[in-house]
Amino acid sequence: MTLLRDRDLARAFDHASLTYDRLTALNPGYRSDLLRSAHRLRLPRGGRGLRLLDLGCGTGASTRALLRAAPYARITAVDASAGMLERARAKRWPANVRFLHRSAEELSTTDDDDGSYDAVFAAYLFRNVAEPGEVLRAVRALLRPGGRLLVHEYSLSGSPVHRAVWNTLCRGVIVPAGTLTGDRELYHHLWHSVLAFDTAPAFARRVARAGFPFVRTVPVGGWQSGIVHAFLAGNGADPVRTGAS
């Protein structure tokens with residue numbers, strides 16, 4: 001299967017935006033796992049005085065997790081899909097959260113004062129960009145010294161068992177559910193984008209090659225064990241040694 005990219009992928013997300021929250025709500029642990037990953041950034045003082053970027057925010061579930069982990073931070077949330085952003089903006093948000101229509105490849109045009117952040121959160125994004133290494137390098141350039149990156153992503157462990165579980169789940173649940181909402185193409189893309197993407201060890205190496213001196217891989221539990229991982233990286237100080245876990 002040819003994966004969706006750029007405008008085709010954004011249009012598919014636009015179409016799926018009306019039912020996206022209902023489908024993700026059927027995923028046990030979807031929101032609690034995002035919150036757990038946001039907390040792994042260990043942002044001090046509730047984020048007071050910090051600037052955070054939610055990269056690929058979708059309908060705002062990752063933004064909500066980041067806000068709960070750092071309620072006083074200034075949060076900029078961006079996404080390439082206008083439809084997903086419309087759903088996100090329709091929800092209630094405090095004044096310290098704003099949404100911008102940007103793709104991951106347009107990180108230099110977030111309209112911020114100095115274009116730098118204390119932390120970047122990217123959930124379910126990197127499978128969907130054509131050049132993940134380039135986006136990682138752009139993220140690192142946006143991070144202030146000692147800043148942190150948390151990537152929460154479908155990235156298989158490399159075990160044939162976990163690959164088989166993912167294939168079975170997609171054939172039996174994910175693609176049929178997406179077909180009922182008229183979004184079969186997008187959920188077929190989800191299935192095959194995970195198979196084509198880096199395994200967790202390979203993605204950790206990719207993050208390191210992008211210039212992050214410290215990378216830690218944390219498996220997500222539950223049914224997603226071996227299928228979803230969180231990757232914590234630091235732009236300078238080691239986030240593991242400074243208490244992020």
Side-chain angles (χ1 to χ4, degrees), residues 1-35 37-38 52-68 75-107 109-111 120-130 132 135 150-155 166 169-170 173-194 196-197 220 224 227-228:
M1 174 188 173
T2 301
L3 298 179
L4 299 173
R5 293 298 184 204
D6 303 325
R7 292 181 181 177
D8 290 336
L9 183 58
R11 281 193 291 266
F13 274 114
D14 289 346
H15 188 270
S17 62
L18 292 175
T19 57
Y20 193 81
D21 283 343
R22 290 201 296 272
L23 286 182
T24 58
L26 299 176
N27 179 348
Y30 181 86
R31 288 168 176 77
S32 60
D33 286 337
L34 285 173
L35 179 59
S37 282
L52 313 179
L53 176 64
D54 183 15
L55 186 58
C57 65
T59 60
S62 55
T63 315
R64 187 72 66 188
L66 199 54
L67 181 64
R68 289 182 63 186
I75 300 174
T76 298
V78 304
D79 201 274
S81 165
M84 299 290 270
L85 277 177
E86 182 179 358
R87 311 312 298 178
R89 286 172 171 149
K91 299 170 184 177
R92 298 185 65 178
W93 301 97
N96 56 314
V97 177
R98 65 170 182 163
F99 292 90
L100 295 176
H101 187 200
R102 299 284 189 277
S103 71
E105 292 81 3
E106 297 172 319
L107 290 180
T109 57
T110 52
D111 296 338
V120 175
F121 190 43
Y124 306 117
L125 168 79
F126 278 93
R127 291 173 297 103
N128 292 322
V129 299
V135 175
L150 194 294
V151 175
H152 182 103
E153 185 59 271
Y154 286 106
S155 180
W166 176 247
L169 183 67
C170 287
V173 179
I174 293 176
V175 173
T179 300
L180 288 175
T181 63
D183 298 299
R184 184 179 187 278
E185 185 180 31
L186 178 62
Y187 290 95
H188 218 266
H189 163 85
L190 167 62
W191 176 10
H192 289 279
S193 68
V194 175
F197 190 58
V220 172
Q224 297 177 118
I227 294 173
V228 178

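Numbers here are sequence positions counted from 1.
Heavy atoms only, all atoms of each residue included: Leu125 and Glu153 are closest at N-OE2, 3.0 Å. Closest approach of Phe197 to Phe126, counting heavy atoms only: CE1-O, 3.7 Å. Among all heavy-atom pairs drawn from Leu23 and Ala177, the shortest one is CD2-CB, 4.1 Å. When all heavy atoms of Ala123 and Leu34 are compared, the pair lying nearest together is CB-CD2, 3.6 Å. Nearest heavy atoms, Gly58 versus Ala88: O-CB, 3.7 Å. Nearest heavy-atom pair across Ser81 and Ala10 is OG-O, 3.8 Å.
His152 and Tyr124 have perpendicular rings, their planes meeting at more than 60° on a 0 to 90° scale where under 30° would count as parallel.
Side-chain contact between Thr59 and Phe13: absent, with no pair of heavy atoms (C-beta onward) separated by less than 4.5 Å. Asn27 places a side-chain heavy atom less than 4.5 Å from the side chain of Gln224. Inter-residue side-chain proximity for Pro176 and Thr179 is flagged as unmet; no heavy-atom pair is nearer than 4.5 Å.
Arg11 has no carboxylate O lying under 4.0 Å from a charged side-chain N of Asp14, or vice versa, which leaves the two without a salt bridge.
In this model, a donor atom of one side chain and an acceptor atom of the other lie less than 3.5 Å apart for Asp183 and Thr181.
Legend: residues meeting side-chain contact (heavy atoms from CB on, under 4.5 Å) with Ala38, ordered by chain and number and at least two apart, are Ala65, Leu66, Ala69, Phe121.
Considering CZ of Phe99 and CG of Leu85, their distance stands at 7.5 Å, rounded to 0.5 Å. Distance OG1/Thr76 to CG/Leu55: 11.0 Å, rounded to 0.5 Å. Remark: Leu180 CG to Tyr187 OH distance equals 11.5 Å, nearest 0.5 Å. Atoms CG and NE2, on Asp8 and His189 in that order, are 10.5 Å from each other to the nearest 0.5 Å. Atom CG of Asn128 is separated from atom OG of Ser103 by 12.0 Å, given to the nearest 0.5 angstrom. To the nearest 0.5 Å, the span separating CD1 on Ile75 from CG on Leu67 amounts to 4.5 Å.
Side-chain N or O atoms of Ser193 include one that pairs as donor or acceptor with a backbone N or O of Leu190 at under 3.5 Å.
Within the structure, the side-chain hydrogen bond (donor to acceptor under 3.5 Å, both in side chains) test picks out the following pairs touching residues 84-93 (sequence neighbours left out): Asp21-Lys91.
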For Leu9 and Leu186: C-alpha separation, side-chain torsions, deciding distance, then whether side-chain contact (heavy atoms from CB on, under 4.5 Å) applies.
CA-CA 8 Å; Leu9 183 58; Leu186 178 62; 3.9 Å; yes
